[in-house]
Structure formats: structure tokens, C-alpha cells
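Shown next, in C-alpha cells, is the structure this report addresses.
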Amino acid sequence: MAAFESAPARPPPVDSAALPVGFTADVQAIARIDAVKTVLRVLLQTTGLRLAVVARVTAQEWRCCAVLDEMNFGLNPGDTLAITTTFCNSVRVSATPLLVNHASEDPRFANHPAPKLYGVESYIAVPVYRRDGSFFGVMCALDANPALLTEDKLEVFRHLGELIGHQLENQDELERRDAQLFSAKEAAVLREQLIGIVSHDLRNPLNAILLSASTLVRRTDLDERARKAIRRIVDSADRAQRLILDLLDFTQARMGQVMPVKRQVMDLHELTQQAVDEVRAVMPERQLEVETSGDGQGALDSDRIAQVIHNLLSNAVQYSPPGARIQVLSEGSPLELVLRVTNAGPPIPMDVIPTLFEPMRRGTEAGVERRSVGLGLFIVDQIARAHGGRIEVTSTLAGGTTFSIHLPRCG
């Protein structure tokens, strides 16, 4: 099934005043955890599925607390579903993780209401517990398409589920102390600590996924359908790894640590062409043009500069129309090297540009549902600063949006 044939029957409007106090409090508690949206994005990056949910689940009711929907399923925080129609009820009853790759062909679930009512074919979930051991609900990802999910992905879900459970407990403790709102400083520290934990805990299982999938894709006995599915796993895990690197860099920067730079003689022109070729391989439908001029030699950190190029290209792809050209220019002058990336997307409002390189910020709401947590430009700026350079941006309707990175040839 390529997509949901129809959305599930939405529950009728509910009078919030008539809801059990616990349920509205649970939805609010999840909403107050800043990192939940990031966690859900990581789940979609890791699995390649298109809908991720944190749900409060009891024997009587299933209620959505947080959702990231890239499938237009139509689910919103506070919405309810009949508990017996969900796979989450199986997780609640068994108190164990669940992985389903093709529900309608799985003897365990072929007659389950979920694939029949909602068109759900692939599903992966773990139970979420508060730190005191009490059951809260389920964290899951699902899709209308069958998948090739492996058991090792459950380890990623388990780590993130534990983090959500611990944060719920923290919320309860804060409420008991009558701290309804964090101060700006406390919220920032909590977010950065949580992002750092997520980043570190995810690296090992993601490396295992990449290694296993890369090994499988080289096998000669696979049919094209299996090979294509494995390539999707590799691509998704690779994107998730780049996200984790951004999260680690963000945490270091916000903790006051200087971003490490290992300089070596390199050619910016060659590195730029290589990075563009890598993006072309993943997105052959996009029009990427490369132009070089002058001497591209300089003493730079090639890994960090490659990270800059990938982040700028990702930003350009995300915010420009599918058929628009993306121009990449690598220039060398006597004193500096300059990298420019131009896209034809909507112009960035002038009042937004001064805050564009702050974390969790975007220049426009276009493409906001794409898989991004808003760290790319922040990381680009930090890398430029670590090299003694700077970043500039111009954005007009006629000329498009251009990010220019100026880097001294030598440190």
C-alpha cells in the first residue's frame, strides 16, 4: 500500500472540561519536554517510517500526547483512538517492545483492526515507564507501507523511551515543587543535557545498523526490491548519523567548549565537487551546478568543511522548489577561500536574518516538516568561526538566497 487510502475515523470533539484530569495533564507534561520533537525526528530518521507518536495508553483509552506526521495521517495531540484498534494495546498488555514489518501478511496481526481500519502495515514500539516503574504509555513509529525493520532498532527506541520516561518523572517533581515553568537558563541546560545524552546513546546502535546494512547491500543474491529497501536503510541511518553529529557539536558549543579543528592542506574545489556528487547520488532529480575559480588550496579541517557543504546543500534543497537550480561556487583569492551556495527559494524576511544562525531557528516556515531540527546553520557558523572565518547571507526575491562562507587560507 503506497499510502493511506483513507484517514481513520476521527473521534468526535471532546469537552476538555469533561476529560479525566490525568489525561490532560499527561498531554501537557509531554508537550513541556522540549526534546520530544527532536526524539520523534530521530525515530523517523532511524527507521525510515513516516509517523512517530508518544501516546498515553491505559486499558480504557489511547490518547496522542505528541506526534510527528510526515504521512498526513491527521493525528493531533489530545486525539483519542479506541484502544482495542491499536497495536499499542498489544505493547501495553505484553509490556514488551513490538516490531511488525507487514501486518496484513503477519499471522499474528492479519486480522488485527489496525491494518484494516487505519492501513497500518509497519510498526515499531516500546513501552514508556516513569522512573518509579509505573506504565505511562507507548512510543512508536509506523507507516502505511511494509518495512524491513530489524531488531537492533528496538535498542534505539528503548534508549529514547527511557529518556522520555525520566523526563516525565522530572516534570512531576517540578510540579510538586510548584515550579510550573523553567527559567530560560534552566530550560536551556536541560535541553542541551538531553540532546547530549540522545546523541551519545544513539551512536553505537546506528553504527551497527549502518555496518549491517552496508554489508547486506553488497550481497549478490538480493533481488532489486530487497536491495532498494536496504539502500533506504543505509540512507536513513546516514542522515541520522549526520543529525547526531550536529547534536553533539551543538551540545559542545552550548557548554562553552571550542569546536575542535584539525587543519591540513586540502583543495576546497575538490572537496566541494565530492560533496555535491554525494548529494547528487541521493537526489538525482535535483539540479546542482558547481563552479570553481582561483586556487582552492588551504589549511582547513576537511571533515568540518565537508560538514559545512553538506549542511548548506541540505538547507538549499529543503527550502527551494524541486525543479529549481542550486548553484555552488568555490573561489580562491590570495588571502581567503570562499564557498557560496545559492538557492531560488522564498526570500528570508529581513527581521529573521539576525537570528538565523541561532540554534532551533529557521529562515522560513517552508519545508518545516522536513526532517530537520534547526541546527544546520548554527553548526555552519560555529565551524566558520573555529577556522577564523565568517558566514554571510543575502536573500532577495530576484537573486534567491546565498550563504557565503569566508575562510582564511591558513590558521
Do [X] and [Y] come close enough that some side-chain heavy atom pair is under 4.5 Å?
X      : Y      : answer
Val57  : Ile83  : yes
Asn145 : Glu121 : no
Pro146 : Asn101 : no
His269 : Asp295 : no

- Item | Any donor-acceptor pair under 3.5 Å from Ser395 side chain to Ile348 backbone | yes
- Query: Is there a donor-acceptor contact under 3.5 Å from the side chain of Arg63 to the main chain of Gly78?
  - Reply: yes
Hey, are [X] and [Y] close enough for a salt bridge, meaning a charged N less than 4.0 Å from a carboxylate O?
X      : Y      : value
Arg130 : Asp26  : yes
Lys262 : Asp301 : no
Glu392 : Arg390 : yes
Glu331 : Arg340 : yes

- Query: Does one side chain, of Tyr118 or Thr85, offer a donor that lies under 3.5 Å from an acceptor on the other?
  - Reply: yes
- Query: Between Arg92 and Thr58, do the side chains contain an N or O donor and an N or O acceptor separated by less than 3.5 Å?
  - Reply: no
- Item | Cation over ring face, Arg56 and Phe136, 6.0 Å, 45° | yes
- Message: Against Val380, only a single residue in Asn315, Ile309, Val308 fulfils side chain to side chain contact (heavy atoms under 4.5 Å, CB included); can you say which?
- Response: Val308
- Message: My understanding is that only one of Asp143, Val91, Leu99, Leu149 makes a side chain to side chain contact (heavy atoms under 4.5 Å, CB included) with Tyr123; could you say which?
- Response: Val91
- Query: How far apart are the C-alpha atoms of Ser302 and Gln264, what are their side-chain angles, what is the distance that settles it, and do they pass the side-chain hydrogen bond (donor to acceptor under 3.5 Å, both in side chains) test?
  - Reply: CA-CA 7 Å; Ser302 58; Gln264 60 184 1; 2.9 Å; yes
- Task: Step through the shown structure and confirm whether more than 12 heavy atoms of other residues, nucleotides or ligands are within 6.0 Å of CZ on Arg158.
- Result: yes
- With sequence neighbours excluded, give me every salt bridge (charged side-chain N to carboxylate O under 4.0 Å, His left out) pair touching residues 267-283. Asp277-Arg280
- Scanning both residues in full, the closest heavy-atom pair of Ala66 with Ile30 reads CB-CG2, 3.6 Å
